[in-house]
Amino acid sequence: GYSWGGYHSALLAGIEPNIDYAIPVSSVVSIADVMMGWKFGAYVRRTVPDYGEVLRKMRRMIAVHAPISHQLQLPRENVMLVAAVGDRIAPPVHTELLWEHWGRPKLVWSRGAHVLYYDKSRILAQKLKFLKRLDIL
């Protein structure tokens with residue numbers, strides 16, 4: 001899954017034991033943290049006296065469907081995470097947090113951003129190699 005689909009595939013990898021593999025691409029682990037990184041977050045920081053408490057409450061409200069709240073349900077070898085170093089929509093720190101949380105499965109870095117992967121063919125080749133190793137292709 002890519003972007004919002006990456007979020008869903010990461011969530012499924014943490015709650016569904018009956019999937020064979022997962023390739024979350026440009027995923028986030030906490031929608032609350034992403035929102036607070038946007039202009040909305042700047043507004044909340046300026047106008048809400050206890051910004052930290054607001055963020056903690058938001059994290060608790062969405063924890064049930066945040067990928068970072070769940071342990072990996074399939075073998076780590078069957079997971080490949082993809083992140084782009086220039087992604088400002090799904091910041092790469094989210095992929096790094098998930099990578100650590102899940103015991104460091106395969107991680108592939110793109111030199112692109114959220115929409116524009118400059119090395120799309122290299123990333124696709126990595127995905128195909130991963131799927132062939134799992135005997136999916």
*Asks:* With sequence neighbours left out, write down each residue that passes ring pair (Phe, Tyr, Trp, His ring centres under 6.0 Å) with Trp4, or none if nothing qualifies.
*Replies:* Tyr7, His8
*Asks:* Tell me the closest heavy-atom pair linking Val29 and Pro67, and the distance in Å.
*Replies:* O-CD, 3.6 Å
*Asks:* What is the minimum heavy-atom distance between His70 and Ala63, and which atoms define it?
*Replies:* NE2-O, 4.2 Å
*Asks:* Within the 4.5 Å heavy-atom criterion, are Ser69 and Val64 side-chain neighbours or not?
*Replies:* no
*Asks:* In the structure I gave you, are the side-chain heavy atoms of Glu53 and Val48 within less than 4.5 Å of one another anywhere?
*Replies:* no
*Asks:* With a 4.5 Å limit on heavy-atom distance, are the side chains of Ile19 and Gln73 in contact?
*Replies:* no
*Asks:* So does Arg122 have more than 12 non-hydrogen atoms from other groups sitting under 6.0 Å from CZ?
*Replies:* yes
*Asks:* Check whether any side-chain heavy atom of Val82 sits under 4.5 Å from a side-chain heavy atom of Ile23, and report yes or no.
*Replies:* yes
*Asks:* Quick one: closest heavy-atom pair of Ala90 and Ser27, and the distance?
*Replies:* CB-O, 4.1 Å
*Asks:* Crowded around Tyr51 OH? As in, over 12 foreign heavy atoms under 6.0 Å?
*Replies:* yes
*Asks:* Quick one: side chains of residues 124-137, donor-acceptor pairs under 3.5 Å with protein atoms, not counting sequence neighbours, listed by atom name and distance.
*Replies:*
residue: Gln126; atom: OE1; partner: Lys106; partner atom: NZ; Å: 3.4
residue: Arg133; atom: NH2; partner: Glu77; partner atom: O; Å: 2.6

*Asks:* If I compare all heavy atoms of Pro24 with all of Met80, which pair ends up nearest, and what's the gap?
*Replies:* CD-O, 3.4 Å
